[in-house]
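First up is the structure itself, then whatever we jot down about it.
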Amino acid sequence: MSQVRTRFAPSPTGFLHIGGVRTALFNWLYARRHGGRFILRIDDTDQERNVMEALQPILDGFRWLGIEWDEGPGADGDYGPYYQSERSGLYADAVEKLLASGHAYRDYATAEELQTEREAAQAEKRRFIYSRKFMADTDEKRRAFEAEGRPGVVRLKMPREGACRFTDSIRGEMELEWAREQDHVVQRADGSCLYNLATVVDDHAMAISHVIRAEEHLSNTPRQLFIYEALGWEAPQFAHLPFVAEPGSKNKLSKRKLDKYMKQPDFAKLNDHGRKIAEAIGIEIKPESFNPVVVDFYEQVGFLPDAVVNYLLLLGWALDDKTEWFTREAMIEHFSLERVNKAAASFDPQKLMAFQEHYMVELPVEQRVAKVMPFLEQAGLADKAPAAGVAAIVEAAGDRIKVGGDILDFVDFFTDDDALPYDEKAFEKRLRKPEDAAELLKGFREVLAGVEPFETDAIEGALKGFVEERGIKIGQIVHAVRVAATGKAVGFGLFEALWILGRERCLKRFDRALAQL
RNA sequence: GUCCCCAUCGUCUAGUCGGCCUAGGACACCACCCUUUCAAGGUGGCGACACGGGUUCGAAUCCCGUUGGGGACGCCA
């Protein structure tokens, strides 16, 4: 077989859907696996206004994920242009050929007439197949219809008996009856062409060898195969991927059903996690473009592309019974269409987060710091890091920082000592309520003032000594100290926290808390 | 409604031509341990072959049916 060429053909809608990414990923992987090329073609036949504006987020999404295209926008190849809006001449030529060979005909039925037929079919409970009543198969008829001022479209003259057979790489042998096929319109009265014609023309012209696409296109295949044959072209190998389903259900995942997903606990949790981060750094939150169905969401809150891609790879595909961590190289080496599952797989936000956590924890500190810095910058805190540095915080926080934006859970280390906000409940419970809290905190303040060196171990030793000397339990002081130092009831290791803040700032914060008791 | 597709734990899946499956792994969940909080970690646990018929010495695996779920039925892509 000649070179493998796969493609993904998004229409410029303004955002990249998580299910679309998976389809693109599988196409990309298949091309890479077989030393072929991956093409990005823009399906903008539907006269859009701001194509570039609506396309940018999609291109950015792919770039972020590292799914690079060999030909397409910004990557010229021998098969351009890669925008369908610039290829209309090709479609018109194909229509002429179809007409000339009798595989298509001009039709002059109006929308109302079609509707009447459709309703009649429905009333008789039979499948609606156009009667070809306004088919102009001779020049006379054509002139007559046009004299009436009817608009003319071009329809495919589909076979009405027999079956269309083809082999699907995922589903095996397929056999669909021609009789259920409509005489699909391929060209509108204004000369513009429709999807089914355009894809076939482009896939052929771009020498696409494997069409790997979502299951919803399965029913488009016969009509496309008809066009290939009519034009005397060799058809590509087809592979229909099951779609990605909603969390906890088998319905197709759709960006239009966000309201419903928000009621799904796992989805809502991920969404809230992202929203919290977005609010903290002032990203504009538009639910339709900032939510877990849209890839941009993951980039915005600081996910790792490798984690997202690895998760998506396993959504409908598996190598064996245990391998789950794949480097790009490993996925390219092992990917195969044969191992794609036939049933729809539902999107699981919790598992995606588990993958993210794994990848994040594996990263060396410097890289985690790099991942976190943009968020500190956007929050205006980058230059307010304590002396110990951001790396110390990142290290101490460990797996509490799951996505880049989680650094914002630790802003207390960046805020001015006299502006530290207190968690009211914690302040009440740990400092105001216990009778001895103030006295103990005062006592420990003095101990802390003299700790040498001011490091984690020494601080721990000092506190343990203090506890022993006073004959109290460690729990009686630790919480008060934490709230006084960080304003919060929870956080990472207390001794690390004190060390990171440094002696001066700890004392200042203690004094401020004491003053408010 | 018509046509098509699909069917293993809550979820993602392994189960390649039927025996090694009293069905394996991961996520989630539960319990205990660890522990200055929250996480993490450790140990253990819960948990599935949709159902009914065949075929066979033997079926999660093959065949038929039922049920359930989903998709497509556009002058959208």
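The shown structure was predicted, so the numbers you read here are calculated from the model rather than taken from an experiment. In what follows, every chain begins at residue 1, and chains take the letters A, B, ... in the order their sequences are listed.
- Between B:G47 and B:A39, the distance separating the two C1' atoms is 26 Å to the nearest Å.
- Annotation: A:Y228 is not in aromatic contact with A:H204 [ring centroid separation under 6.0 Å not met].
- Residue contacts for A:I477: at a heavy-atom cut-off of 4.0 Å it reaches no nucleic acid atom on any strand shown.
- Between B:C34 and B:G70, the two P atoms lie 48 Å apart (nearest whole Å).
- For A:E215 and B:C3, the CD to C1' distance is 14 Å, given to the nearest whole Å.
- Between the side chains of A:S192 and A:R188, at least one donor N or O lies within less than 3.5 Å of an accepting N or O.
- Between A:H358 and A:Y311, the ring centre distance reaches or exceeds 6.0 Å.
- Cation-pi geometry between A:R22 and A:F26 is met: under 6.0 angstrom from the ring centre, within 45 degrees of the axis.
- In this structure, A:H358 atom NE2 and B:G41 atom P are separated by 11 Å, rounded to whole Å.
- Nucleotides B:U55 and B:C64, compared at atom C1', are 11 Å apart to the nearest Å.
- Going from atom CZ of A:R180 over to atom P of B:G1 covers 16 Å, rounded to whole Å.
- Here the nucleotide nearest the side chain of A:R482, chosen from B:A77, B:U36, B:C3, is B:U36.
- Rounded to whole Å, the distance from CG on A:L176 to P on B:C3 is 12 Å.
- Within the 4.0 Å cut-off from OP1 or OP2 of B:A72, at least one side-chain nitrogen or oxygen of A:K252 is found.
- Side chain of A:E357, nearest nucleotide from B:A40, B:U36, B:C75: B:A40.
- Within 4.0 Å of A:H240, counting heavy atoms only, lies no atom of the nucleic acid at all.
- Rounded to an integer number of Å, the gap from CD of A:E181 to C1' of B:C4 is 11 Å.
- Separation of the C1' atoms belonging to B:C17 and B:A50 is 26 Å when rounded to the nearest angstrom.
- The gap from the C1' atom of B:U13 to that of B:U67 amounts to 24 Å, rounded to the nearest Å.
- Distance from the side chain of A:N251 is smallest for B:G70 among the nucleotides B:A39, B:C4, B:G70.
- Ring to ring, A:F492 and A:F413 are close: their centroids are under 6.0 angstrom apart.
- Distance noted for atom P between B:G53 and B:A72: 36 Å (whole Å).
- Here A:A179 lies out of heavy-atom contact (under 4.0 Å) with every strand.
- Rounded to whole Å, the distance from CZ on A:F410 to P on B:U37 is 16 Å.
- The nucleotide B:C32 finds its pairing partner in B:G42, both defining distances of the Watson-Crick or G-U wobble pair being shorter than 3.5 Å.
- Distances were taken from every side-chain heavy atom of A:K402 (C-beta onward) to each of B:C3, B:A39, B:C5; the shortest belongs to B:A39.
- Nucleotides B:C27 and B:C20, compared at atom C1', are 28 Å apart to the nearest Å.
- Between B:A77, B:U37, B:C75, one nucleotide has an atom nearer to the side chain of A:V490 than all others, and that is B:U37.
- Base engagement by A:N220 is indicated by at least one non-hydrogen atom pair under 4.0 Å involving a base atom.
- In this structure, A:F128 and A:E177 both approach RNA chain B, and ranking their closest nucleotides by distance from the 5' end singles out A:E177.
- Pair check for B:G68 finds B:C6; Watson-Crick or G-U wobble, both atom distances under 3.5 Å.
- When the P atom is used for both B:U8 and B:A14, the distance is 10 Å, rounded to whole Å.
- At a cut-off of 3.5 Å, with distance as the only test, a side-chain donor of A:H217 or A:Y195 sits close to an acceptor on the other residue.
- Using N1 to N3 plus N6-O4 or O6-N4 for Watson-Crick, or N1-O2 and O6-N3 for G-U wobble, each under 3.5 Å, B:G1 pairs with B:C73.
- Rounded to whole Å, atom P of B:C6 lies 16 Å from atom CD of A:E216.
- Nucleotide B:C62 is matched to B:G54 when pairs are restricted to Watson-Crick or G-U wobble geometry with both distances under 3.5 angstrom.
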B/S/- along nucleotides 8-27 of chain B (protein heavy atoms under 4.0 Å) is ---SBSSS--------BSBS
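- Between A:R132 and A:D137 there is no salt bridge, since no side-chain nitrogen of the basic residue lies less than 4.0 Å from a carboxylate oxygen of the acidic one.
- Under the Watson-Crick and G-U wobble criteria, each requiring two contacts below 3.5 Å, nucleotide B:C20 is left unpaired.
- Side-chain atoms of A:R400 and base atoms of B:C38 include a donor and an acceptor less than 3.5 Å apart.
- Two residues, A:C193 and A:G475, neighbour RNA chain B, and the one matched to the more 5' nucleotide by heavy-atom proximity is A:G475.
- Here the P atom of nucleotide B:C75 and the CD atom of A:Q182 are 8 Å apart, to the nearest Å.
- Look at A:E439 and A:R470 and you find a salt bridge, because one of the NZ, NE, NH1 or NH2 atoms lies within 4.0 Å of a carboxylate O, short of that distance.
- A:K488 comes within contact range of no nucleotide atom at all, as no heavy-atom separation falls under 4.0 Å.
- Taking the charged nitrogens against the carboxylate oxygens, A:E113 and A:R150 do have a contact shorter than 4.0 Å, which makes a salt bridge.
- Here A:R160 pairs with A:D183 in a salt bridge; the nearest charged N to carboxylate O distance falls below 4.0 Å.
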